[in-house]
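Structure, as structure tokens:
Quick caveat, the model's predicted, so the values are computed rather than measured. Numbers here are sequence positions counted from 1.
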Amino acid sequence: MENNSSNFIKNIIKDDLESGKHDHVITRFPPEPNGYLHIGHAKSIILNFGVADDFNGKTNLRFDDTNPLKEDIEFVNSIKEDVKWLGYDWDNLFFASDYFDEMYKRAVLLINKGLAYVDDLNADQIREYRGTLTEPGKDSPYRNRAVEENLELFEKMRSGEFENGAKVLRAKIDMSSPNINLRDPVIYRISHTEHHNTGNKWCIYPMYAFAHPIEDAIEGVTHSICTLEFEDQRPLYDWIVENCEMESKPKQYEFGRLNLTNTVMSKRKLKQLVDEGFVDGWDDPRMPTVSGLRRRGYTPEAIRAFCQEIGVAKTSGVVDSQMLDHFVREDLKLKAPRTMAILNPLKVVITNYPEGEVEWLDAEVNPEVPEMGTRQIPFSREIYIEQDDFMENPPKKYFRLFPGNEVRLKHAYFIKCEEVIKDEAGNVIELRCTYDIETKSGSGFTGRKVKGTLHWVEASQAVSAEFRNYQPLILDKENDDEEEKSFLDRVNPDSVEILQGFVEPNMKNVKPQDKFQFFRHGYYNVDSKLTAADHLVFNQIVGLKSSFKL
């Protein structure tokens with residue numbers, strides 16, 4: 001998947017290769033297996049794998065599994081699936097936990113060099129001692145423990161002699177540094193928790209900020225690409241690589257993370273939506289997770305094109321989510337077969353059509369791709385149209401069906417509304433119409449014109465289906481001054497609309513993830529979780545049109 005567009009990361013790599021600083025390129029995608037990947041991670045995947053491919057390099061998939069309290073093999077498997085689905089394959093598969101022995105040795109090295117110490121302060125006390133952005137921190141009373149005492153205590157931490165939170169190992173750097181990340185950061189903590197990869201071998205685990213640069217160095221990563229929030233941690237990254245005496249010296253480079261309107265881009269918040277039942281799981285089609293987008297019907301080609309279009313910058317910004325929808329439409333318009341679906345059915349009886357007769361009409365599969373051929377659709381005395389395609393008392397310039405008006409049925413005939421049938425409550429439940437046999441689509445009829453064209457589904461062979469239409473799950477605040485106690489205040493209560501209707505009979509054998517354009521409704525995807533042999537469910541991917549312009 002060659003991408004000829006340039007960005008500052010590619011320019012750095014190009015300069016490093018031309019100068020001889022590196023003779024090869026190794027990148028890595030290093031997710032923590034504590035949740036499912038979202039669209040922001042997709043941008044990172046595309047960047048890391050993409051730049052390596054551009055320079056004939058390699059990309060490692062590495063799980064930064066240093067916190068067993070939040071990690072699970074389910075997340076490991078989902079991440080692998082997402083990377084593959086996006087169109088990439090890793091050269092090597094690694095786990096941070098593969099290096100726990102080496103990390104422990106490097107921590108002991110720091111202790112021996114007088115650059116790490118065991119601290120008895122609890123988390124709140126450490127936070128208090130750390131100071132603020134305007135005030136320097138102050139030394140822990142345990143900061144000047146002797147090397148021998150620190151080695152003994154650290155070994156006891158490893159052997160399980162202390163409870164969770166009783167002690168930590170901290171790097172000894174500079175409590176007065178203007179960069180708070182260098183104020184003696186914690187590099188090991190106690191956690192008597194079984195690990196998905198190492199079992200109960202360890203009861204102490206390295207902190208991410210300590211583990212990550214060591215992992216990069218062990219793997220020989222040449223360009224450690226991460227998002228902008230890690231910029232302030234770069235000095236710590238370099239300090240660890242240098243003082244842990246790593247043979248390889250990787251460098252960290254930051255790019256602006258992806259932010260989308262009406263979208264939560266935090267695994268913690270996404271997990272909260274799942275745990276508190278606001279959605280039906282990580283792969284709910286309303287979620288911005290890769291698995292959610294896949295289930296909804298987004299394509300990897302569209303996501304890659306979107307990420308390449310927004311580019312890679314040194315600053316973060318907010319991208320209109322309609323831009324992603326635009327690339328989905330552009331990808332699907334030449335792929336998705338056209339068909340007709342009725343989401344809010346209203347029965348129509350064509351009184352002058354012969355009873356018991358069914359005729360088959362030709363319809364193009366995709367008018368933009370003639371080679372996709374044609375399909376056959378049945379037509380008979382009874383059909384369904386959309387409820388909102390009829391009004392008993394229409395306003396001016398309403399060109400759909402109303403009493404006495406004539407419209408064209410897509411691929412079929414002109415029909416005229418002659419009678420309206422209502423229930424006891426006054427609701428319209430059926431229309432009686434007549435048709436003109438001379439007006440058959442494709443017959444060359446030019447006797448008169450109509451201004452409205454309706455889609456429809458023949459009633460006797462129609463396939464029942466459920467349709468799920470979506471609106472943004474999270475609504476952006478209209479006013480920045482509005483009080484917000486939680487992002488949950490912005491959860492859209494109307495994010496999904498579930499409708500029961502019908503599709504053409506040729507849809508009865510569709511498979512999960514099949515995609516279609518429903519005439520006048522938009523693009524839809526067969527749901528991979530809810531669809532069964534007797535229950536067909538379609539997820540709305542995107543509507544047909546948008547006001548968004550590139």
So, [X] side chain and [Y] main chain: donor-acceptor pair closer than 3.5 Å or not?
X    : Y    : answer
D53  : G50  : no
E71  : P33  : no
E386 : L343 : yes
N405 : F402 : no
T261 : S321 : yes
D284 : D280 : yes
T27  : A52  : no
S78  : F75  : yes
Q272 : F487 : no
E419 : I421 : no

Closest non-hydrogen atom pair between [X] and [Y], with its separation:
X    : Y    : result
N7   : L47  : ND2-CD1, 4.4 Å
V264 : L270 : O-CD2, 3.9 Å
R62  : V221 : NH1-CG2, 4.5 Å

Residue [X] excluded, over 12 heavy atoms near [atom1] under 6.0 Å:
X    : atom1 : result
E355 : CD    : no
K416 : NZ    : no
E276 : CD    : yes
K84  : NZ    : yes
E371 : CD    : yes
I437 : CD1   : no

From [X] [atom1] over to [Y] [atom2], what is the distance, rounded to the nearest 0.5 angstrom?
X    : Y    : atom1 : atom2 : result
K515 : Y523 : NZ    : OH    : 13.0 Å
N509 : M507 : CG    : CE    : 10.5 Å
L544 : K333 : CG    : NZ    : 12.0 Å
W85  : I45  : CH2   : CD1   : 10.5 Å
Q513 : D527 : CD    : CG    : 8.0 Å
F278 : L473 : CZ    : CG    : 9.5 Å

Mind jotting down which residue pairs meet the salt bridge (Lys or Arg N to Asp or Glu O under 4.0 Å) criterion with at least one end in residues 26-51? Sequence neighbours excluded, please. R28-D216
Going by salt bridge (Lys or Arg N to Asp or Glu O under 4.0 Å), name the pairs with one or both residues in residues 462-472, residues two or more places apart or in two chains.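 Sorted pair list: E466-R468.
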Could I get the full list of salt bridge (charged side-chain N to carboxylate O under 4.0 Å, His left out) partners for [X], not counting sequence neighbours?
X    : value
D82  : R294
E392 : K422
E229 : R257

When you compare the side chain of Y36 with that of P288, does any pair of heavy atoms fall below 4.5 Å?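 P288 vs Y36: side chains apart.
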How are the rings of F518 and F467 set relative to one another: parallel (under 30°), tilted (30 to 60°) or perpendicular (over 60°)? perpendicular
In terms of ring plane angle, is the pair Y435 and Y353 parallel, tilted or perpendicular, where the classes change at 30° and 60°?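 Answer is tilted, since the angle falls between 30° and 60°.
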Using a distance-only test with no angle check, is there a side-chain donor-acceptor pair under 3.5 angstrom linking [X] and [Y]?
X    : Y    : result
N539 : N525 : no
Y384 : N344 : no
E458 : S460 : yes

What pairs with [X] under side chain to side chain donor-acceptor pair (under 3.5 Å), at least two apart in sequence or on another chain?
X    : result
N34  : K267
T453 : none
D72  : none

Under the side-chain contact (heavy atoms from CB on, under 4.5 Å) rule, collect the residues that match up with [X], sequence neighbours excluded.
X    : result
V450 : E406, R408, F414
E301 : T299, R304, D331, K335
K508 : V463
Q540 : N469, Y470, Y524

Positive for ring-ring contact (aromatic ring centres under 6.0 Å, His included) with F63, one of F95, W90, Y208: F95
ring-ring contact (aromatic ring centres under 6.0 Å, His included) partner of Y413, chosen from F379, F445, W456: F379
Do the side chains of [X] and [Y] get close enough for a salt bridge, i.e. N-O under 4.0 angstrom?
X    : Y    : result
D389 : R520 : yes
R381 : E357 : no
R338 : E368 : yes

Assert yes or no for the condition that the ring centre distance of Y88 to F29 is strictly below 6.0 Å.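 When the ring centroids of Y88 and F29 are compared, they turn out to be at least 6.0 Å apart.
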